[in-house]
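Quick notes on the structure that follows.
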Amino acid sequence: MRVVISIGGSVLAPDLQHERVNEHAAVVERLDDEGIDVGTVVGGGGVARQYIRAARELGANEIQLDDIGIAVTRLNARLLISALGDVAAPSPAEDYETAGAAMRRGDVTVMGGVVAGQTTDAVAAAFAEYVDADLLVFATSVPGVFSADPKKDDTAQRFDQITPGDLVDVIADIEMAAGANAPVDLLAAKLIERSGMRTIVLDGTDPERIERAVLDGEHEGTDIVPAGTEDDVSYWAR
Ligand SMILES: Nc1ncnc2c1ncn2[C@@H]1O[C@H](COP(=O)(O)OP(=O)(O)O)[C@@H](O)[C@H]1O
Ligand SMILES: O=c1ccn([C@@H]2O[C@H](COP(=O)(O)OP(=O)(O)O)[C@@H](O)[C@H]2O)c(=O)[nH]1
């Protein structure tokens, strides 16, 4: 089984606590021990947003701000690599070929961002498509995809399941500036739509939830399910 896990910066290292990074690494190592090929993609979180905010005040444009964001995602990736030790490739892969080759060698791969104009959500979706992953997991700071931003709207409802097309509609209005907050970015949603890959968005603040979702298929987040496959047993058996 091949799994790609997108670990938001806000769940990996909200305040750069090494204990939390260690807990995520322990989960990745246990999945690796189970014989699962694991690819991880790490976000920039609050630290990236702090840098982006400061550089925006200093006059940097959005592409320059994205590049700053990418630099922070790669720093966070190095934190996870530090905790993973020998099971991980020694530096964050900067393209899908390098990451895919490392996965084929049996290393856990750790990526950050790759190119301006997107987020690590799109990196995770593209890498998952590149390696024909069986499962893509977005571990984020909210318990799934909601009808509106749950941090701003008390009436927002969580979707147990959503089609990629409906996901695109839910997130289409979220701003795309560097450092923006979305459960999954628009490009990622379109990649999930075209690949039809099995995808889960869940609250990853407790890393063990990621482990349960991968090993037992149990989670309380949102399944992104291609239209028409909601009751297709072969889809859910993948
Ligand atoms: N429709 C929505 N459903 C879920 N979350 C949403 C939605 N719209 C906006 N958000 C925001 O998306 C963010 C997703 O997590 P984020 O803070 O970007 O963490 P991560 O570091 O995991 O990417 C949350 O801050 C949440 O408030
Ligand atoms: O391939 C990438 C990945 C990240 N980013 C930039 O880096 C920021 C932080 O990454 P991300 O949003 O994925 O981090 P998260 O908020 O999920 O922790 C993004 O907002 C973008 O500005 C980018 O331009 N290209």
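One-based numbering, in listed order, for ligands and for the atoms of each.
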message = Can you tell me how the ring of Tyr130 sits relative to the ring of Tyr96, calling it parallel under 30°, perpendicular over 60° and tilted otherwise?
response = tilted
query = Within a strict 4.5 Å, meaning less than it, do heavy atoms of the Ile5 and Val38 side chains meet?
reply = yes
task = Could you list which atoms of ligand 2 come closer than 4.0 Å to a heavy atom of Gly113?
result = 1 (O), 2 (C), 3 (C)
ask   = If you measure from each non-hydrogen atom of Val115 to ligand 2, which part falls under 4.0 Å: side chain, backbone, both or neither?
value = backbone
key: Shortest protein heavy-atom distance from atom 16 (O) of ligand 2, along with the residue and atom involved   = Arg49 NH2, 2.6 Å
inquiry  = According to salt bridge (charged side-chain N to carboxylate O under 4.0 Å, His left out), who are the partners of Asp185, at least two apart in sequence or on a separate chain?
reply    = none
message = For a quick check under 3.5 Å, do Thr98 and Asp95 share a side-chain donor-acceptor pair by atom type?
response = yes
Numbered atoms of ligand 2 (with element) below 4.0 Å of Gly45, judged on heavy atoms = 14 (O), 15 (P), 16 (O), 18 (O)
ask   = Just which atoms of ligand 2 are under 4.0 Å from any heavy atom in Ala178?
value = 20 (O), 22 (O)
key: By salt bridge (charged side-chain N to carboxylate O under 4.0 Å, His left out) - contacts of Arg53 (at least two apart)   = none
ask   = Can you list, by chain and residue number, every protein residue with a non-hydrogen atom closer than 4.0 Å to ligand 1?
value = Gly8, Gly9, Ser10, Arg49, Ala139, Thr140, Ser141, Val142, Gly144, Val145, Phe146, Ala148, Asp149, Pro150, Lys151, Val170, Ile174, Asn181, Ala182, Pro183
Under 3.5 Å, side-chain donor or acceptor atoms of residues 7-15 against the rest of the protein: list the pairs with distances, not counting sequence neighbours.
none

